[in-house]
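When a ligand or atom number is given, it counts from 1 through the structure's own listing order. Side chains are part of it too, since the values below use all heavy atoms of this structure and drop only hydrogens, waters and symmetry mates. Here the structure is a predicted model, which is why all the values come from computation and not from measurement.
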Amino acid sequence: MFIKSNLQNEDVEMEMNTSRPLKTQVMAVDRENPDLNKIRIAARVIREGGLVAFPTETVYGLGANTFDVEAVLRIFRAKNRPYDNPLIVHVSEKDAVYDLAREIPDTVEVLTRRFWPGPLTLLLKRAPHVPRPENIDEITVRMPDHKVALALIAESEVPISAPSANISGGVSPTTAQHVYQDLAGKIEVILDGGRCDVGVESTVLDLTGEVPTILRPGGITLEDLKAVLGNVEVHPVAAAEGKTEAEARAPGMKYKHYSPHADVIVVEGEVQRMVNKINQLVDQNIRQGLKVGVMATGETVQSYSHGLIKVVGSRQNLETVARNLFDVLRAFDEQGVDVVIAEGVVTTEIGLAIMNRLRKSAGFNIIRV
Ligand code: TXA
Ligand code: MG
């Protein structure tokens, strides 16, 4: 059964215990100056228990009212996400973290002053009044640096729980088109605010232990955090150097991630040796009758001549690689590539987040030269 939500002028169909496809409404919004009328329509959907995909500075999120457990559970169904993989709670004001968590360490004040709004997610102990649909005692909170996201949260007047707006296990979305491809018919609204700037997800920092620990590297780097906190650890799973699933600290760390349909092979090492190895692999795979994609960088693209070659960004400016990474992985899939062979980059600064995503997308199929 469908109910029409009683929005002025707008027809947004809401799901009521049905698996029949919804009509997903896409609304273009100006990222610098979001139209408040459109934001209010989306906020109303959130308040009525619906799902809204929205842009953030990292990737698109799929949001529901944190205090509406039924709505939050719908996110898991829409994405086909395992129920024990918890969601990040998005807020539009720094102080909101104090309402959502308990036993908050002093570092939170320092970190939110320096990095919020921005791509840093803080893992804390959950306040007792906050629902726990994922059945865990911790909570993750972040304030995104995006006017559309902030306006949506503020107008909804509730915190918004949101994972990345893709089918679970797949590649995160950095455009509204990516979201539409994955979730059309399953969610009420997509706010289209254009392409995301950072391109990889937020850094997840665990503040519940002795030493702040990065569980997932992201937009705020280890170096950024060390400059403010001094001592910061990187969980072995966050480096993603190989399979260490038994040690996984965050429930989500154990699941398959960022996987396009194509197989991915990552080649890492000194640039010239890497290029030589990739050329050899391309020829081998083409001889086997496979359609091969090469994920190259601006500095190396001239060294390849076979296969479908795409430039992901520049080694001199790894922010460009982060920004384009997921889009390029999706583009290879759209062009029916069987195998993507990708160049590795250094694991300093944003490179750590890039290599975490690439190594996981490759299922740790890493060749070191
Ligand atoms: O940039 C981002 O963080 C994006 C945008 C939409 O904000 N969100 C995002 O959410 O990437 P998601 O669900 O795709 O990834 C969140 C990660 C998962 O690995 C999850 O397991 C972990 O953070 N996480 C979330 N809440 C947690 C909790 N309470 N305890 C442990 N890990 C948690
Ligand atoms: Mg995700």
Q | Glu138 neighbourhood, listing ligand 1 atoms whose heavy-atom distance to it stays under 4.0 Å | A | 29 (N)
(Q) Only heavy atoms of His90, strictly under 4.0 Å: list the atoms of ligand 1 that pass. (A) 5 (C), 6 (C), 7 (O)
Q. Are any of the N/O atoms in Lys79 less than 3.5 Å from those in ligand 1?
A. no
Q.
Could you tell me, atom by atom, which parts of ligand 1 come under 4.0 Å of a heavy atom of Val204?
A. 23 (O)
Q) Any N/O/S atom, backbone or side chain, of Ser164 lying under 2.8 Å from the Mg ion (ligand 2)? A) yes
Q) Quick one: OG1 on Thr174 to CD on Glu201, what's the gap to the nearest 0.5 Å? A) 10.0 Å
Q: Consider every N or O of Thr58 and every N or O of ligand 1, then say whether any pair is closer than 3.5 Å.
A: yes
(Q) Less than 3.5 Å apart, any donor N or O on the side chain of Asn276 or Gln272 sitting next to an acceptor on the other? (A) yes
Q.
Please work out, at 4.0 Å between heavy atoms, whether the side chain, the backbone, both, or neither of Glu134 comes within that distance of ligand 1.
A. neither
Q) Where the closest heavy atom to atom 24 (N) of ligand 1 is concerned, which of Pro86, Ala53, Ala165 has it? A) Pro86
Q: For ligand 1, note which part of Leu123 has a heavy atom under 4.0 Å away: side chain, backbone, both or neither.
A: side chain
Q: Please name the pair of heavy atoms, one in Pro131 and one in Thr66, separated by the smallest distance, quoted to 0.1 Å.
A: CG-O, 3.7 Å
**Q.** Where Thr297 and Glu343 come nearest, the two heavy atoms and their spacing
**A.** OG1-OE1, 2.9 Å
Q | Least distance between heavy atoms, Pro133 atom then Val72 atom | A | CG-CG1, 3.7 Å
Q) Can you find an N or O of Thr121 that's nearer than 3.5 Å to an N or O of ligand 1? A) no
Q) With atoms numbered from 1 as shown, which atoms in ligand 1 lie under 4.0 angstrom from a non-hydrogen atom of Gly61? A) 6 (C)
Q | Numbered atoms of ligand 1 (with element) below 4.0 Å of Ile136, judged on heavy atoms | A | 28 (C), 29 (N), 30 (N)
**Q.** Cationic N near anionic O, under 4.0 Å, Arg81 to Glu134
**A.** no
Q | Test: Arg330 and Asp182 ion pair at under 4.0 Å | A | yes
Q: Determine the sole option in Asp327, Asn324, Thr175 for which the side chain to side chain donor-acceptor pair (under 3.5 Å) test with Arg195 is passed.
A: Asp327
Q: Measure across Ala165 and Pro173 and return the closest heavy-atom pair with its distance rounded to 0.1 Å.
A: O-CG, 3.4 Å
Q.
For Thr121 and Arg216, which I'm curious about, is there any donor-acceptor pair between the side chains at under 3.5 Å?
A. no
Q.
If the cut-off is 4.0 Å to any non-hydrogen atom of Asn85, which atoms of ligand 1 fall inside it?
A. 18 (C), 20 (C), 21 (O)
Q. Relative to ligand 1, is Met143 under 4.0 angstrom through side chain, backbone, both or neither, heavy atoms considered?
A. neither
Q) Hey, looking at atom 15 (O) of ligand 1, which of Arg132, Glu201, Arg216 has the closest heavy atom? A) Arg216
